[in-house]
Structure formats: structure tokens, C-alpha cells
Amino acid sequence: MSDLARLRRVLAGRPPARFPFDALAPQQLPQGGLQSAAVLVPIFEHDGVAHVLLTRRRADLRRHAGQVSFPGGRVDAGEEPLQAALREAHEEVGLDPERVEVLGRLDDTLVLVTGFRLTPWVGAVPYPYPYRPHPDEVDSILYVPIPALSRPGVHRTVERVSLGLRYDVHFYELPAVTIWGATARVLHQLLEVWGT
């Protein structure tokens with residue numbers, strides 16, 4: 001069984017956990033409350049090895065400047081999180097939503113710094129494919145082999161406290177890039193669920 005087939009089966013058999021957002025005290029929430037956002041976690045196989053597609057954001061952006069992230073963003077009014085993830089992937093890297101096989105979703109997560117409730121959707125995407133970074137948002141597109149994320153010494157956590165909540169900040173330190181924050185947290189959950 002291929003890695004993607006195994007991931008598809010695992011995600012189909014596990015309902016995503018719900019973060020207890022309602023249990024947060026008002027002082028634990030960013031001013032204005034939480035906004036909904038969604039990301040696509042694009043997975044493909046190349047030469048028999050599973051990869052994840054990530055973007056490096058432009059260094060001059062107001063939010064998350066220079067960070068490595070999944071294609072995604074705010075959920076617009078009247079839009080479902082999956083629709084938002086697919087729309088944003090189309091805008092940011094030129095991925096046709098019709099070419100995405102949705103495999104399932106991971107757990108919602110809280111992005112404290114910017115006040116987002118983030119819903120990650122995992123999708124099998126084509127490769128090769130004419131991906132193109134949106135010039136106003138994305139500096140470059142990264143194709144990271146999944147096995148590289150599981151090597152000893154690549155992953156570490158640092159405990160932080162924000163708005164009265166204690167949580168771990170995840171880091172994946174690869175030779176050419178450091179992945180951290182919500183993106184690393186989603187990657188960590190993906191690898192745990194996948195069993196890689």
C-alpha cells in the first residue's frame with residue numbers, strides 16, 4: 001500500500017478532534033475574538049517518496065512575513081473552510097481545485113498570535129504540475145520530502161505561555177528552511193496520524 005493510500009485510510013477512520021474554543025476565557029482571546037481560517041496540506045508522491053508542498057511568504061507582508069506556511073487564509077463570509085482552503089491554494093500556488101483529492105481533515109488548532117481558528121484539510125495533489133507562486137504573497141514554493149521531517153534532530157519544541165495558555169511551539173529545522181508555529185504544529189499532527 002502506498003503512503004498516500006495509507007494516509008487516506010487513516011484520515012477516513014478518524015474524526016477530527018474539536019479544540020474547546022468555547023472553554024476559553026474572554027481574557028484568553030485576542031481582541032475582537034477568533035476569526036476562521038483554513039489551509040490545504042498538499043501531499044504528493046514523487047519517485048515513490050511522499051512530499052508536502054509549502055510556501056515561503058514574502059518578507060514584506062504585514063502578517064507572517066517570510067514564514068513557511070501551507071496555502072490558506074481567512075474563511076470568507078458564506079464560505080466553508082474546505083472551500084476557503086481550495087480557493088487560497090488556487091490563488092497562492094495556481095492549483096486547480098478540481099485536481100485536489102481531499103483525503104480528510106486534521107484537528108482545528110488555535111493560532112494565538114493572530115487570533116485564528118485554523119482548520120487544516122489534507123489533499124493529494126498532482127506532481128509534476130505547473131505550480132506558480134502568487135507574486136503579491138508568495139516568495140517561493142517548497143517541496144519537502146516527508147522522510148526529511150522524521151529524521152533525528154529535525155523536530156523540537158519550546159514551551160511558551162500566551163494569554164494565560166501554556167503550549168508547545170514546534171520547530172522543524174531542515175538544512176535550507178525552518179518551519180515553525182501553526183504550520184509546524186499541523187505538520188506534527190499529520191506525521192503522528194500518518195505514523196511516519
Of all the heavy-atom pairs spanning Leu149 and Val154, show the shortest one and how long it is. O-CG1, 4.0 Å
Within-4.5 Å side-chain heavy-atom neighbours: Phe116 and Leu110: no
Short side-chain donor-acceptor distance under 3.5 Å, Ser36 and Arg117: no
Using the rule given for side-chain contact (heavy atoms from CB on, under 4.5 Å), can you reason through Val68 versus Thr178, listing the C-alpha separation, both sets of side-chain angles and the distance that settles it, and then say yes or no? CA-CA 8 Å; Val68 174; Thr178 297; over 6 Å; no
Please name the pair of heavy atoms, one in Leu40 and one in Ala89, separated by the smallest distance, quoted to 0.1 Å. CD2-CB, 3.8 Å
Is there a side-chain contact between Leu103 and Glu101, using heavy atoms and a 4.5 Å cut-off? yes
At their closest point, which heavy atom of Gly181 faces which heavy atom of Val169, and how far apart are they? N-CG1, 4.2 Å
Taking only Lys NZ, Arg NE, NH1 and NH2, and the carboxylate oxygens of Asp or Glu, determine whether Asp139 and Arg58 approach each other closer than 4.0 Å. no
Using atom types as modelled and distance alone, determine if a side-chain donor or acceptor of Glu137 lies under 3.5 Å from a backbone N or O of His134. no
Is it true that atom CD of Glu173 has more than 12 heavy atoms of other residues, nucleotides or ligands lying nearer than 6.0 Å? yes
Taking all non-hydrogen atoms of both residues into account, name the closest pair between Ser2 and Glu45 and its distance. CB-OE2, 3.6 Å
Whether over 12 other heavy atoms sit under 6.0 Å from His90 NE2: no
Heavy-atom neighbours of Arg14 CZ exceed 12 at 6.0 Å: yes
Does any part of the side chain of Val144, heavy atoms only, come nearer than 4.5 Å to the side chain of Leu53, both counted from C-beta? no
Not counting sequence neighbours, which residues clear ring-ring contact (aromatic ring centres under 6.0 Å, His included) with Tyr143? List them please. Phe44, Tyr127
Report the distance from atom NE2 of His51 to atom CG of Leu4, rounding to the nearest 0.5 Å. 11.5 Å
Assess whether atom CH2 of Trp180 is packed by more than 12 heavy atoms of other residues, nucleotides or ligands within 6.0 Å. no
State whether Asp3 and Arg8 are salt-bridged, where the test is any N-O pair (Lys NZ or Arg NE/NH1/NH2 against Asp/Glu carboxylate O) under 4.0 Å. no
Val75 and Pro81 have their tightest heavy-atom pair at CG2-CA, 4.0 Å
Distance-minimising heavy-atom pair for Val49 and Pro145: CG1-CB, 4.3 Å
Between the main-chain N or O of Gln189 and the side-chain N or O of Glu192, is there a donor-acceptor pair closer than 3.5 Å? no
With no hydrogens and no angle check, just 3.5 Å: does a side-chain donor-acceptor pair link Ser69 and Thr55? yes
Just to verify, what does Glu159 make a side chain to side chain contact (heavy atoms under 4.5 Å, CB included) with, not counting sequence neighbours? Arg166, Asp168
Measure the shortest side-chain to side-chain distance between Asp96 and Tyr129 over non-hydrogen atoms and say whether it is less than 4.5 angstrom. yes
Member of Asp107, Asp108, Thr109 meeting the side chain to side chain donor-acceptor pair (under 3.5 Å) criterion with Thr119: Asp108
Atom OG1 of Thr183 and atom CZ of Phe171: how far apart are they, to the nearest 0.5 Å? 12.0 Å
Does any non-hydrogen side-chain atom of Val177 lie less than 4.5 Å from one of Leu174? yes
Any heavy-atom pair between the side chains of Val100 and Pro42 that's under 4.5 Å? no
